[in-house]
Amino acid sequence: MELRSSALKALQLPEPTAKVAAVRTLHAQPDLALDTQAVLQPTAPLPGRPTRPPLVLPSALPRRSPYTVEGRAALLHAVAHIEFNAINLALDAAWRFPGLPEAYYRDWLRVAAEEALHFTLLREHLQGLGHDYGDFDAHDGLWAMVERTAGDATARMALVPRTLEARGLDATPPMQARLAKAGDARAVEILAVILRDEIGHVAVGNRWYRWLCERDRLDPIAHYALLAAQYGAPRLRPPFNLQARREAGFTAAEIAALEAG
């Protein structure tokens with residue numbers, strides 16, 4: 001087995017349980033062979049995913065109250081879908097871009113394994129509420145940016161982990177507060193695990209974005225603004241979880257630029 005080609009095979013798997021198992025098997029091998037230079041090609045559509053949930057526009061998703069079991073299940077399903085997408089985006093980062101340092105690929109395999117844990121925890125809790133992954137509609141916003149940045153590793157690091165995934169750092173504490181008020185202590189615990197790990201995932205994005213900028217002699221803040229405009233990244237709005245963002249490696253200058261809009 002080789003890391004990048006195996007990550008691509010796992011990415012192509014459509015069934016969530018099989019994908020999670022494949023990622024765990026790969027991550028359990030610390031000395032997994034790695035060919036950093038191979039130019040790989042998918043043999044199936046990317047990403048592999050099940051026929052359900054149906055994918056709709058974000059505007060078509062109804063707002064649901066966490067104060068009913070059905071509404072809480074829908075909310076947790078949305079988070080589970082994000083985590084399933086996050087497995088895919090980590091696997092895509094691990095196979096797609098040749099010629100980077102070994103640590104880059106191993107970082108993203110570790111991220112994929114942690115996202116697989118998050119998805120599993122959420123799915124199990126969702127099943128305890130009488131539902132399963134696929135029972136509610138979902139949207140494809142995260143993967144759309146993965147596709148747009150497929151030709152540029154620097155744009156990928158800038159706009160997926162440190163932009164779209166970093167929004168989860170801001171959104172999780174208010175979600176925990178709503179779920180605590182609704183009496184779902186287990187969901188609050190699961191989101192605490194996710195927040196802890198996501199700080200590390202955003203830090204991985206920050207680390208490799210800065211490495212790529214340094215390699216190419218780019219100013220990280222100025223280049224980020226160019227990439228955000230070029231690839232149509234969403235404008236990030238407050239409130240921001242500044243403590244989590246600092247822990248994830250955002251600099252004071254980056255936070256100031258974020259707050260300035």
Report task. Scan side-chain atoms only and decide if D107 and W208 contain a donor-acceptor pair under the 3.5 Å cut-off. Result -> yes
Query raised in the report: Are any side-chain N or O atoms of Q12 and backbone N or O atoms of A44, one a donor and one an acceptor, separated by less than 3.5 Å?
Result: yes
Query raised in the report: Does a side chain donor of either H77 or D135 reach within less than 3.5 Å of an acceptor in the other side chain?
Result: no
Report task. Would you give the length of the straight line joining atom CG of L226 to atom CD1 of I221, rounded to the nearest 0.5 angstrom? Result -> 12.5 Å
Query raised in the report: Between atom CG of D132 and atom CZ of R52, what is the distance when rounded to the nearest 0.5 Å?
Result: 8.0 Å
Report summary line: Looking only at heavy atoms, the pair that brings A233 and M145 closest together is CA-CE, 3.8 Å
Query raised in the report: Is there a path of hydrophobic side-chain contacts, each under 4.5 Å between heavy atoms of I, L, V, M, F, W or Y residues, that connects V202 with L159?
Result: no
Report task. Might you point out which heavy atoms bring P98 and A38 nearest each other, and give the distance in Å? Result -> CB-O, 3.6 Å
**Report entry** Test item: side-chain donor near acceptor, T17 and R123, under 3.5 Å
**Finding:** yes
Query - Check: R96 and R4 side chains under 4.5 Å, non-hydrogen atoms - result: no
Report summary line: Nearest heavy-atom contact between R148 and G232 is NH2-O, 3.8 Å
Query raised in the report: Going hydrophobic residue to hydrophobic residue with side-chain gaps under 4.5 angstrom, can you get from Y209 over to W108?
Result: yes
**Report entry** Test item: H131 and L76 side chains (from C-beta on) under 4.5 Å apart, heavy atoms
**Finding:** no
Report task. Could you check if a side-chain atom of P173 sits within less than 4.5 angstrom of a side-chain atom of N241, using non-hydrogen atoms only? Result -> yes
Query raised in the report: Got a donor-acceptor contact below 3.5 angstrom from the Y105 side chain to the F97 backbone?
Result: yes
Query raised in the report: Are side-chain heavy atoms of P53 and D137 found at a separation under 4.5 Å?
Result: no
Query - pair E259-P238: side-chain heavy atoms closer than 4.5 Å - result: no
Requested in this report: Start with the C-alpha distance between L57 and H139, add both sets of side-chain angles, then the distance that settles side-chain contact (heavy atoms from CB on, under 4.5 Å), and finish with yes or no.
Outcome: CA-CA 6 Å; L57 292 174; H139 72 80; over 6 Å; no
Query raised in the report: Is it true that a side-chain atom of D216 and a backbone atom of L218 form a donor plus acceptor pair closer than 3.5 Å?
Result: no
Report task. Using a 4.5 Å cut-off on heavy atoms from C-beta on, say whether the side chain of W95 contacts that of L109. Result -> no
Query raised in the report: Above 12 or not: heavy atoms from other molecules or residues under 6.0 Å from CZ of R167?
Result: no
**Report entry** Side chain K19, main chain F84, donor-acceptor under 3.5 Å
**Finding:** no
**Report entry** K9 and E2 ion-paired at < 4.0 Å
**Finding:** no
**Report entry** Results of ring-ring contact (aromatic ring centres under 6.0 Å, His included) for Y224 - residues two or more places apart only
**Finding:** none
**Report entry** Candidate pair I199 and Q243, rule side-chain contact (heavy atoms from CB on, under 4.5 Å), full reasoning
**Finding:** CA-CA 10 Å; I199 289 171; Q243 180 60 34; over 6 Å; no
Query raised in the report: Is there a path from L26 to V204 through hydrophobic residues (I, L, V, M, F, W, Y) whose side chains come within less than 4.5 Å of each other?
Result: yes
Requested in this report: Say whether L195 and L191 are linked into one hydrophobic cluster, either directly or through other cluster members, by side-chain heavy-atom distances under 4.5 angstrom.
Outcome: no
Query raised in the report: Does T163 use its side chain to pair, donor to acceptor, with the backbone of A158 at less than 3.5 Å?
Result: yes
Report task. Kindly determine whether M175 and V188 satisfy side-chain contact (heavy atoms from CB on, under 4.5 Å), including the steps that lead there. Result -> CA-CA 8 Å; M175 191 186 310; V188 175; over 6 Å; no
Query raised in the report: Under 4.5 Å between any side-chain heavy atoms of T149 and L227, yes or no?
Result: no
Report summary line: Minimal heavy-atom distance between L11 and W143, with the atoms involved, is CD1-CH2, 4.2 Å
Query raised in the report: Above 12 or not: heavy atoms from other molecules or residues under 6.0 Å from CZ of R215?
Result: yes
Report task. In sequence, state the C-alpha distance, the side-chain angles, and the governing distance for T43 and L8, and then conclude on side-chain contact (heavy atoms from CB on, under 4.5 Å). Result -> CA-CA 9 Å; T43 57; L8 177 55; over 6 Å; no
Query raised in the report: When you check the gap from the basic side-chain N to the acidic O, do R245 and E254 get nearer than 4.0 Å?
Result: no
Query raised in the report: Sub-3.5 Å donor-acceptor pair from the side chain of R162 to the main-chain atoms of G205, do we have one?
Result: no
**Report entry** NZ/NE/NH1/NH2 to OD/OE distance under 4.0 Å, D140 and R49
**Finding:** yes
Query raised in the report: So do the side chains of L61 and F136 get within less than 4.5 Å of each other, counting heavy atoms only?
Result: no
Query raised in the report: Under a single-linkage definition using a 4.5 Å side-chain heavy-atom cutoff for Ile, Leu, Val, Met, Phe, Trp and Tyr, are V111 and L142 assigned to the same hydrophobic cluster?
Result: yes
Query raised in the report: Which distance, rounded to the nearest 0.5 Å, do you find between the CD of E70 and the OG of S65?
Result: 11.5 Å
Report task. Mind checking the CG-CE spacing from D152 to M157? Nearest 0.5 Å is all I need. Result -> 10.0 Å
Requested in this report: Consider only side-chain N and O atoms of H27 and E114, and report whether a donor and an acceptor are under 3.5 Å apart.
Outcome: no
Query raised in the report: When rounded to the nearest 0.5 angstrom, what is the spacing between CG in D197 and CD in E83?
Result: 9.0 Å
Query raised in the report: How are the rings of Y133 and F119 set relative to one another: parallel (under 30°), tilted (30 to 60°) or perpendicular (over 60°)?
Result: perpendicular
Report task. State, to 0.1 Å, how close L75 and P66 come at their nearest heavy-atom pair, and which atoms those are. Result -> CD2-CB, 4.2 Å
Report summary line: Residues N206 and A248: closest non-hydrogen pair is ND2-O, 2.9 Å
Query raised in the report: Donor-acceptor pair, E198 side chain versus H201 backbone, under 3.5 Å?
Result: no
Query - Nearest-0.5 Å distance, CD of residue E124 to CG of residue L129 - result: 12.5 Å
Query raised in the report: Is the closest side-chain donor-acceptor distance between H125 and D184 under 3.5 Å?
Result: yes
Report summary line: Which of D92, L91, N88 passes side chain to side chain contact (heavy atoms under 4.5 Å, CB included) with L46? Answer is D92
